[in-house]
Amino acid sequence: MRFWKELIKGVWAENPIFRLVLGMCPALAVTTSLENSLGMGVAATFVLVCSNAVISTIRNLIPNKVRIPCFIVVIATFVTIVDLVMSGFAPALHANLGLFIPLIVVNCVILGRAEAFASKHPIMLSIADGIGMGLGFTLGLSILGGCREILGAGTLTVWQGIPQLSIGGFKPMVLMILAPGGFIALGCLLALMNYVQAETAKRKGKTIPPPANLDCRHCTICKFGS
Amino acid sequence: MKETLRLILTVTIICSLAGALLAGVNSLTKERIQDVNRNKKLSAIQEVLPPCDNQPDANACVVEYGGRNWTFFVARNGGAFAGAAVETSSSAGYGGDISLMLGINAENKTQAIAILGQKETPGLGANIEGDDFKGLFAGKALATSNWAVAKDGGEIDQITAATISSRAVTEAVKAAIDAYLANEEAIEQTGGN
């Protein structure tokens with residue numbers, strides 16, 4: 001099943017946050033809590049699925065020279081819809097995410113998938129790609145946001161109304177919900193993902209070549225060097 | 001020429017369709033968004049005012065003081081002046097503007113404050129939203145209290161490691177109190193018989 005293959009790849013093998021390392025601006029800025037991360041993820045997924053579907057439908061009608069402006073207009077339309085609906089129906093979330101909702105327009109994940117996938121594939125596959133990438137993005141943001149919220153605030157909130165989980169017994173590191181904490185958490189998670197990937201490949205008897213632009217010869221922390 | 005025309009036509013059509021779609025969504029959500037904004041302000045007004053039997057948000061008194069326009073929402077209970085709420089702000093916050101609603105009661109004391117918007121550091125400056133800090137602004141005499149943070153010789157205990165945010169809130173409250181004291185009579189008579 002091609003549909004499922006395209007859907008699954010976004011969640012793990014081509015996860016936008018941990019593997020493609022796209023959309024880093026919202027990934028670092030809004031992941032101060034699990035709730036914000038989920039909200040951002042759902043908003044971006046909606047835009048991604050809708051824009052992929054529309055762009056795939058009109059891909060043969062758009063002249064190549066003006067394809068990027070057309071993609072941006074389609075994406076901006078859906079972002080504005082999300083912005084309006086969210087400020088009407090989820091004002092608290094809208095206040096938290098603030099500027100980062102309009103900025104979904106320039107999120108590399110969305111334009112990247114429009115250019116690299118939706119403009120070359122039929123509509124059903126593009127929708128699958130949108131759902132998969134959206135889920136992967138949401139998952140990445142949620143892991144990042146969850147880690148930062150637990151360490152930085154000592155709580156874990158899924159949604160207002162559902163009682164939040166308080167993790168007591170230690171003094172939260174405020175640093176983790178500030179800007180530096182975003183970089184620290186993302187770096188640690190990326191290293192962990194690389195380690196897991198290298199380990200699973202090793203078990204299957206394969207080796208993963210080190211990234212072309214990195215000199216790994218002297219470092220033994222991850223498994224690329226050995 | 002023919003190709004240029006095709007490019008222009010494609011972009012125009014796509015933009016028009018997008019515009020039409022957005023106009024539709026806007027007309028559907030417009031009222032709802034206005035409601036949300038009004039309710040937010042209304043609940044803040046009610047939070048900082050003593051009990052009253054009129055509609056404070058419909059009973060406003062606009063005065064000019066210190067180069068700013070101040071809108072006082074006046075509460076009445078059985079016809080008598082019960083208190084007033086005013087929105088005030090300071091641009092001296094650590095992360096930008098802090099806006100808040102200040103309530104004043106009939107005994108010339110502060111009733112309460114409610115933070116409307118702030119972008120202070122989570123875990124530090126953002127603690128100005130906590131009840132411990134907001135409680136410092138309740139029940140203080142308007143004219144005789146020393147409206148400054150303890151570090152500047154005043155009587156508001158600043159939040160540890162968030163003096164700038166605490167100072168900005170205090171400054172916003174003081175500006176509103178000055179505006180109130182300068183126009184006390186006009187405000188107290190608003191909506192009275």
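Remark: B:I33 CD1 to A:F89 CZ distance equals 8.5 Å, nearest 0.5 Å. Interatomic distance, B:I13 CD1 to A:I58 CD1, rounded to the nearest 0.5 Å: 10.5 Å.
Only the side chain of A:V174 comes within less than 4.5 Å of a heavy atom of chain B; its backbone N, CA, C and O stay farther away. Heavy-atom distances place the side chain of B:E3, and not its backbone, under 4.5 Å from chain A. With a 4.5 Å cut-off on non-hydrogen atoms, A:L178 touches chain B through its side chain but not through its backbone. Contact annotation for B:D35: neither backbone nor side-chain heavy atoms come within less than 4.5 Å of a heavy atom of chain A.
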Quiz item: Are A:V66 and B:I8 close enough, and set up right, to give a side-chain contact (heavy atoms from CB on, under 4.5 Å), and what steps lead you there?
Solution: CA-CA 9 Å; A:V66 290; B:I8 295 172; over 6 Å; no
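Considering only heavy atoms from C-beta on, A:L61 stays 4.5 Å or farther from B:T10 through its side chain. Within the 4.5 Å cutoff, side-chain heavy atoms of A:C70 are placed close to those of B:V11. Taking 4.5 Å as the limit, every side-chain heavy atom of B:K40 sits out of range of all side-chain heavy atoms of A:P91.
Annotation: maximal heavy-atom pairing with chain A below 4.5 Å, among B:L28, B:T29, B:L17, occurs at B:T29. Residue with the most contacts toward chain A among B:T121, B:L7, B:N26: B:L7 (heavy-atom pairs, distance under 4.5 Å). Comparing A:V74, A:V85, A:I81, A:T32 by heavy-atom pairs within less than 4.5 Å of chain B, the highest count is held by A:I81.
Nearest approach of A:G88 to B:R32, heavy atoms of both residues: O-NE, 3.0 Å. Across all non-hydrogen atoms, the minimal contact from B:V36 to A:S87 is CG1-O, 4.1 Å.
Within a 6.0 Å radius of CD in B:Q55, other residues, nucleotides and ligands contribute 12 heavy atoms or fewer. In A:F100, the CZ atom is crowded: over 12 heavy atoms of neighbouring residues, nucleotides or ligands sit closer than 6.0 Å. The 12-atom threshold is exceeded at CG of B:D53, counting heavy atoms of other residues, nucleotides or ligands nearer than 6.0 Å. Annotation: A:F183, atom CZ; neighbour count of heavy atoms from other residues, nucleotides and ligands within 6.0 Å does not exceed 12. Atom NZ of A:K9 has more than 12 neighbouring heavy atoms from other residues, nucleotides or ligands inside a 6.0 Å radius. Shown here is B:K41, whose NZ atom has no more than 12 heavy atoms of other residues, nucleotides or ligands within 6.0 Å.
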